[in-house]
Amino acid sequence: MMKLIRRSLNGVTMYRLMVYYLGILFLGGIAVGMMGAAFLDPVGLVVSLVLSVASAWVTNRLFSFFLKLPTNAESVHITALILALIMPPADFADPMTLAAIVLASVAAIASKFILTIGHKHIFNPVAIGAVVAGLALNTPALWWVGGTPQLLPLVILGGLLVAYKIERLGMIAVYILSNLAAVLLTTPPDMMGMALQQTLLYSPLFFAGFAMLTEPLTAAHGRWSRHVYAAIVGVLSSSNIHIGTMYFSPEMAFLVANIYAWAASPKGRFKMKLVGVEEIAANCYEFVFQSDRALKFRAGQYLDWTLGLSGSDKRGNRRPFTIASAPGASAVRVGVKFNPHGSAFKRGLLRMQEGDTIYGSQIAGTFVLPRQREKKLLFIAGGIGITPFRSMIADLLERGEKRDIVLVYANRSADEIAYRELLTRARNELGMKVVYAVSGEPGSAIYDDVTLVQGRMDETNLRECVPDLDERRVYVSGASTMVSGFLKMLRKCGVRRRWIHTDAFAGL
């Protein structure tokens, strides 16, 4: 079952999955309204969605045109859908509800362009939109999707898929537990049962966590800072938290936490100019960019890349790609694998000419070297999954830092082995052991003095190549199926799960 779920999730981007999730919830709301829920008028809901999408789309197009910036169209639809799910449904007898939806949508999209520092927008756009509409028109967010118990199974099941896809289950758990702890600590003992029931069944708790806490551009990025961010939102959005007579709404809780996230996380949007492209292996190319300002990151982290496309497809125009260059390098390198049925995004990359631009944002990722230099490490890469290790190895070479590292690099053929020269340098200068596992014909490639395993890497081969496997922290990077396969193999070999770090690529 889990294998089927992983395969299905691998075929869809994070943004498209969120659109599906929100769309299903909206359709569920219409169904509940048709079954007699008085506060959910199906016609009003449809009007709300039309107004929200239209207002958000027009605002986004105007700002994008005048500022000449590429934008993610799916992000606009996500913002509009969330607002349609939380703002009071349109009511023609109350024109203020119509104005509130339009104002919230315009303010949400405009905040992405206006409320920025260092080219990074600070506040969750939905939260900004809801707060502006509440203050200006006295029409605050209703969060009807969270107050409809009939939708709770869809909210939770769909939300778990989203959190699993983007690996934020721990963050969601911290948020929920922090909220529940705050509710219990601020509620008289004789009312705790009622408070818990209200929180779990009739509050925005789960929807706000799954749909808004995971918003990538305004949340904190580091593992621990993400948890602190989640705890701030969880505590402040609980029903009894207040300062004087002011009680926090969920949207206000997000705005406060966003300030922490901005202070704790790498900042800014980077304008990248293409300076060269090199084929590094069969159907694999390395793109070399010059950034308009220096990137501060740890080897192994990634960027979200947004490419302006004249015609996108269902996989969108934004992708996360690992930075293949070392943190101290002057150029920013990205390794990308292409296939005949590649996405519009990758086709757009291949069409890029020297001097063309692409935008990067949200430096993030915890797939990085441990700070303790004495730890023994095992790198396992599959195909283009070598890119985070390329960054780590280049960084070690630049600093002349030797660590006890074994690299197992698995490919279908010898032609797919990338970065041979760098790996040769790592063997010679750092003493790193390199193992090539080639499942097909090894061909006539020169392997120097590396260990060659012909055929698929299995438990026996892995043990032979890495006799001290039990003593090593393991990093696995590659396609999702490859990563899950090695994860099972390592667990069978007795490697502790907390010693295994993974970085799975969807390949879209």
Side-chain angles (χ1 to χ4, degrees), residues 3 6-7 10-11 276-288 319 321-322 324-325 333-343 345-347 349-350 367 378-394 405-428 432-466 474-490 502-508:
K3 187 175 182 180
R6 281 194 297 268
R7 186 182 298 119
N10 288 340
V277 181
E278 178 185 353
E279 187 172 11
I280 55 175
N283 300 317
C284 293
Y285 294 84
E286 184 177 68
F287 293 77
V288 185
R319 290 287 187 283
F321 285 126
T322 300
S325 46
R333 297 174 179 270
V334 180
V336 184
K337 184 176 179 64
F338 295 86
N339 60 66
H341 305 289
S343 62
F345 182 97
K346 287 192 174 180
R347 294 196 300 272
L349 270 182
L350 276 178
F367 194 78
L378 168 61
F379 294 165
I380 302 177
I384 200 60
I386 191 66
T387 51
F389 300 130
R390 195 271 180 205
S391 178
M392 295 176 188
I393 293 168
I405 298 174
V406 177
L407 168 67
V408 174
Y409 188 11
N411 286 284
R412 293 189 184 90
S413 69
D415 294 338
E416 296 178 341
I417 299 173
Y419 301 120
R420 289 175 188 255
E421 293 183 4
L422 185 78
L423 299 183
T424 298
R425 280 190 60 200
R427 293 200 313 276
N428 295 335
M432 188 178 77
K433 180 179 179 179
V434 177
V435 179
Y436 289 154
V438 180
S439 58
E441 289 296 324
S444 58
I446 298 175
Y447 294 97
D448 300 324
D449 58 346
V450 304
T451 302
L452 174 63
V453 174
Q454 188 170 353
R456 290 188 178 277
M457 178 65 70
D458 57 22
E459 295 173 42
T460 302
N461 291 331
L462 187 61
R463 278 289 186 190
E464 289 178 356
C465 296
V466 194
V474 186
Y475 290 72
V476 188
S477 173
S480 298
T481 51
M482 170 265 179
V483 169
S484 61
F486 269 103
L487 183 58
K488 290 179 182 178
M489 183 190 305
L490 290 165
T502 60
D503 189 20
F505 300 165
L508 298 174

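Bear in mind the structure is a predicted one, so any value in this text is a computation, not a measurement. Position 1 is the first residue of the sequence, and the numbers go up from there.
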Working for side-chain contact (heavy atoms from CB on, under 4.5 Å), residues Arg319 and Lys346
CA-CA 9 Å; Arg319 290 287 187 283; Lys346 287 192 174 180; 5.7 Å; no
Passes side-chain contact (heavy atoms from CB on, under 4.5 Å), Met457 versus Val435? Steps please.
CA-CA 10 Å; Met457 178 65 70; Val435 179; 4.2 Å; yes
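By the 30° and 60° cut-offs, the orientation of the rings of Tyr436 relative to Tyr409 is perpendicular. Ring geometry for Phe287 versus Phe338: interplanar angle of 30 to 60°, hence tilted.
Counting all heavy atoms, side chain and backbone alike, Leu490 lies closest to Val474 at CD1-CG1, 3.6 Å. Between Asn461 and Asp458 the shortest heavy-atom distance is N-OD1, 2.8 Å. For the pair Ile386 and Ala418, the tightest heavy-atom approach, listed with the atom from each and the gap, is CG2-CB, 4.3 Å. Between Ser439 and Arg412 the shortest heavy-atom distance is OG-CA, 3.2 Å. Val408 and Val466 get closest at one heavy-atom pair: CG2-CG2, 4.5 Å. Contact record, Phe505 with Asp503: CE2-OD2, 3.4 Å, taken as the closest heavy-atom pair.
Note: Ile280 CD1 to Tyr285 OH = 10.5 Å, rounded to the nearest 0.5 Å.
Residues satisfying the salt bridge (charged side-chain N to carboxylate O under 4.0 Å, His left out) test with Arg425, not counting sequence neighbours, are Glu429.
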Hey, can you pull the donor-acceptor pairs under 3.5 Å for the side chains in residues 387-394, sequence neighbours left out?
unit_1, atom_1, unit_2, atom_2, d
Thr387, OG1, Ile384, O, 3.2
Arg390, NH1, Ala324, O, 3.2
Ser391, OG, Ser325, O, 2.8

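At a threshold of 4.5 Å between non-hydrogen side-chain atoms, the residues Asn283 and Glu416 do not count as touching.
The number of heavy atoms from other shown groups lying within 6.0 Å of CD (Glu421) does not exceed 12. Sparse packing is recorded around CZ of Arg456, with 12 or fewer heavy atoms of other residues, nucleotides or ligands lying under 6.0 Å away.
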